[in-house]
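Here's the structure we're looking at; comments come further down.
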Number of protein chains: 2
Amino acid sequence: MQKRHENLRNLAIKNAQNRISTHGLHGLNSRFIAKKIACSVGTLYNLFKSIDFLIFAVNLKTLSTLETLLQQAADTSEKGELALQAMANTYINFARSNPHLWLTLFEHQFTNTEDTPQDYYEQRTSLFHILESQLQHIHPELPLQHIAIEARALWAGIHGICMLNITNKLNDDGYTLQDIAATLVAKFTTQHQGGAV
Amino acid sequence: MQKRHENLRNLAIKNAQNRISTHGLHGLNSRFIAKKIACSVGTLYNLFKSIDFLIFAVNLKTLSTLETLLQQAADTSEKGELALQAMANTYINFARSNPHLWLTLFEHQFTNTEDTPQDYYEQRTSLFHILESQLQHIHPELPLQHIAIEARALWAGIHGICMLNITNKLNDDGYTLQDIAATLVAKFTTQHQGGAV
DNA sequence: AACCTCAATTGAACATCGTTCACTTCAAGC
DNA sequence: GCTTGAAGTGAACGATGTTCAATTGAGGTT
């Protein structure tokens with residue numbers, strides 16, 4: 001039946017998400033998930049071409065949640081700098097609350113890159129659009145091309161802060177994530193005298 | 001003999017570095033390295049408590065190389081903004097030329113975090129000092145505490161740009177790494193009106 | 001030269017992993 | 001009841017990290 005297939009698939013994704021969330025990507029394995037959803041490994045491989053695709057499904061869910069949260073943060077704050085600050089904090093909080101799920105977004109590489117489904121890239125670019133919209137509100141005079149680059153630089157910055165922190169490579173000293181992130185956001189929101197590209 | 005032990009250890013590290021460089025972290029395994037250095041897996045486990053420690057040794061080497069390159073970039077450029085731009089480009093070029101070695105710096109997590117040797121953290125903080133020195137030259141009026149935060153925000157930004165690019169999650173559009181990085185560096189080097197922490 | 005000692009070396013063996021596939025099951029159509 | 005084909009099964013394969021009883025061999029002692 002088609003229904004059972006879909007139910008089982010969703011159940012597998014949910015359990016995989018749970019497992020990664022608590023034990024990290026290394027804690028995930030096919031036999032464990034198969035047992036959890038009460039089927040054989042063979043059936044699991046009917047649902048997902050390989051474990052990579054199961055992880056991918058979890059990542060897609062994570063990205064979707066993240067986008068919803070960021071959009072909410074943007075919507076419930078005053079447009080512009082405050083919205084960007086709120087988004088940065090939301091992103092950081094998500095990463096800190098769900099370190100394993102967040103890390104899996106980047107730890108996981110498809111063995112064959114051409115296997116990576118198109119949805120994945122689309123899901124991500126839509127994140128940029130939220131940022132671009134805020135940046136454009138702050139700097140209406142800048143060309144769209146410039147805004148796009150700024151959005152990527154800012155996003156990468158927030159991302160890097162999280163990455164270096166979560167992987168325990170930044171927070172060995174007394175500086176808090178929020179301070180560092182706020183400093184970064186401020187660079188992109190306060191008015192400059194000139195600027196280079 | 002002590003000498004053989006050390007020689008074999010270095011040989012193992014060199015081969016592991018080579019293997020990771022060409023085949024990524026997944027391409028590394030104990031039997032392969034053992035065969036390369038003409039000893040048994042058992043002996044390899046006498047040299048390294050586990051494969052994690054071999055990877056760690058490779059990472060330490062990578063960090064060391066990176067620091068030398070960054071210091072060179074800083075020294076051969078005019079102090080301040082130009083030096084920072086040069087360092088950013090050096091970092092990016094290194095990451096792009098040695099994507100696997102660079103990724104391994106972050107992909108690899110010790111199963112027991114308390115195992116992570118102290119050298120590792122020290123090697124990294126010395127990277128910050130190079131940055132801090134440049135930033136302080138640009139903003140001599142800022143307190144050291146503030147400079148430290150800026151250094152971390154900038155470093156994280158450059159890092160994030162590389163990460164999102166290397167893992168193929170940013171460069172699906174037409175914006176070049178250098179443009180994005182230059183934009184970021186410019187934010188930290190041009191004079192602001194005010195700023196938030 | 002024969003012997004002893006013990007640390008270094010070995011690789012078979014174990015547990016676990018992703019993945020496959022010949023076999024079994026079973027619901028639907030006749 | 002019989003047939004058919006898709007779905008489900010789990011033993012089996014190869015590769016992995018890691019261990020450890022057995023072996024080796026260099027250096028000291030007699």
Side-chain angles (χ1 to χ4, degrees), chain A residues 1-13 15-20 22-59 100 103-104 107-116, chain B residues 1-13 15-20 22-59 100 103-104 107-116:
Chain A
M1 200 197 299
Q2 185 67 21
K3 197 64 176 298
R4 170 178 150 81
H5 186 279
E6 194 165 333
N7 282 343
L8 214 53
R9 222 185 111 91
N10 288 332
L11 202 56
I13 296 174
N15 276 283
Q17 185 184 32
N18 216 329
R19 183 65 179 175
I20 292 177
T22 54
H23 290 76
L25 187 52
H26 287 349
L28 184 74
N29 69 72
S30 52
R31 285 171 182 81
F32 178 86
I33 295 299
K35 192 164 288 180
K36 273 284 181 187
I37 67 178
C39 75
S40 68
V41 277
T43 299
L44 191 60
Y45 275 83
N46 279 344
L47 302 173
F48 301 92
K49 200 172 124 193
S50 80
I51 281 289
D52 280 347
F53 282 84
L54 172 55
I55 300 170
F56 166 76
V58 172
N59 278 348
H100 289 306
L103 268 180
T104 299
E107 269 186 40
H108 174 59
Q109 306 272 53
F110 269 93
T111 340
N112 305 357
T113 41
E114 73 271 10
D115 278 346
T116 311
Chain B
M1 199 198 298
Q2 185 67 21
K3 198 65 175 299
R4 170 178 149 80
H5 185 278
E6 194 166 333
N7 281 345
L8 215 53
R9 222 186 110 92
N10 287 331
L11 203 56
I13 296 174
N15 277 282
Q17 185 185 32
N18 215 328
R19 182 65 178 175
I20 293 176
T22 54
H23 291 76
L25 187 53
H26 288 347
L28 184 74
N29 69 72
S30 51
R31 283 170 183 82
F32 178 84
I33 296 298
K35 193 164 288 180
K36 274 284 181 188
I37 68 177
C39 76
S40 68
V41 279
T43 298
L44 192 60
Y45 275 83
N46 279 345
L47 302 173
F48 302 92
K49 202 173 124 192
S50 80
I51 281 290
D52 280 347
F53 282 83
L54 173 56
I55 300 170
F56 164 77
V58 173
N59 278 348
H100 289 306
L103 268 179
T104 300
E107 268 186 39
H108 174 60
Q109 306 272 53
F110 269 94
T111 341
N112 305 357
T113 41
E114 73 271 11
D115 279 346
T116 311

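Chain A is the first sequence line, chain B the second, and so forth, proteins listed ahead of strands; every chain is numbered from 1.
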Compare all side-chain heavy atoms of B/Thr104 with those of B/Val58 and state whether any distance is below 4.5 angstrom. no
Beyond-backbone contact of B/Ile37 with B/Leu44, side-chain heavy atoms, under 4.5 angstrom: yes
Take the protein atom [atom1] of [X] and the nucleotide atom [atom2] of [N], then report the distance between them rounded to whole Å.
{"X": "B/Leu44", "N": "C/dG11", "atom1": "CG", "atom2": "C1'", "value": "13 Å"}
{"X": "A/Arg19", "N": "C/dC17", "atom1": "CZ", "atom2": "C1'", "value": "13 Å"}
{"X": "A/Phe53", "N": "C/dG18", "atom1": "CZ", "atom2": "P", "value": "15 Å"}
{"X": "A/Ile37", "N": "D/dA7", "atom1": "CD1", "atom2": "C1'", "value": "14 Å"}
{"X": "A/Glu6", "N": "D/dA7", "atom1": "CD", "atom2": "P", "value": "14 Å"}
{"X": "A/Arg4", "N": "C/dA28", "atom1": "CZ", "atom2": "P", "value": "14 Å"}
{"X": "B/Phe32", "N": "D/dG14", "atom1": "CZ", "atom2": "P", "value": "21 Å"}

Can you sort out the partners of B/Asn18 under side chain to side chain contact (heavy atoms under 4.5 Å, CB included), two or more places apart, ordered by chain and number? B/Thr22
How long is the span from the NE2 atom in B/His5 to the CG atom in B/Asn10, to the nearest 0.5 Å? 10.5 Å
Rounded to the nearest 0.5 angstrom, the CZ-CD1 distance for A/Phe53 and A/Ile13 is 12.5 Å
With sequence neighbours excluded, residues passing side-chain hydrogen bond (donor to acceptor under 3.5 Å, both in side chains) with A/Thr43: A/Ser40
Please name all residues satisfying side-chain hydrogen bond (donor to acceptor under 3.5 Å, both in side chains) with B/Arg9, sequence neighbours left out, ordered by chain then number. none
Write down the atom of A/Ala57, the atom of A/Phe48, and the distance for their closest heavy-atom approach. CB-CE2, 4.3 Å
Respond yes when some side-chain nitrogen or oxygen of B/Ser40 is under 4.0 Å from OP1 or OP2 of C/dG11, and no when none is. no
Could you pull out all donor-acceptor pairs under 3.5 Å where a side-chain atom in residues 25-36 of chain B meets a protein atom, sequence neighbours excluded?
residue, atom, partner, partner atom, Å
B/Asn29, OD1, B/Arg31, N, 3.2
B/Asn29, OD1, B/Phe32, N, 2.9

Axis-to-axis angle across the helix from C/dA1-D/dT30 to C/dC30-D/dG1, five pairs an end, to 10 degrees? 30°
Please encode protein proximity along nucleotides 15-24 of chain D as a string of B, S and -, counting only heavy-atom distances under 4.0 Å. -BBBB-----
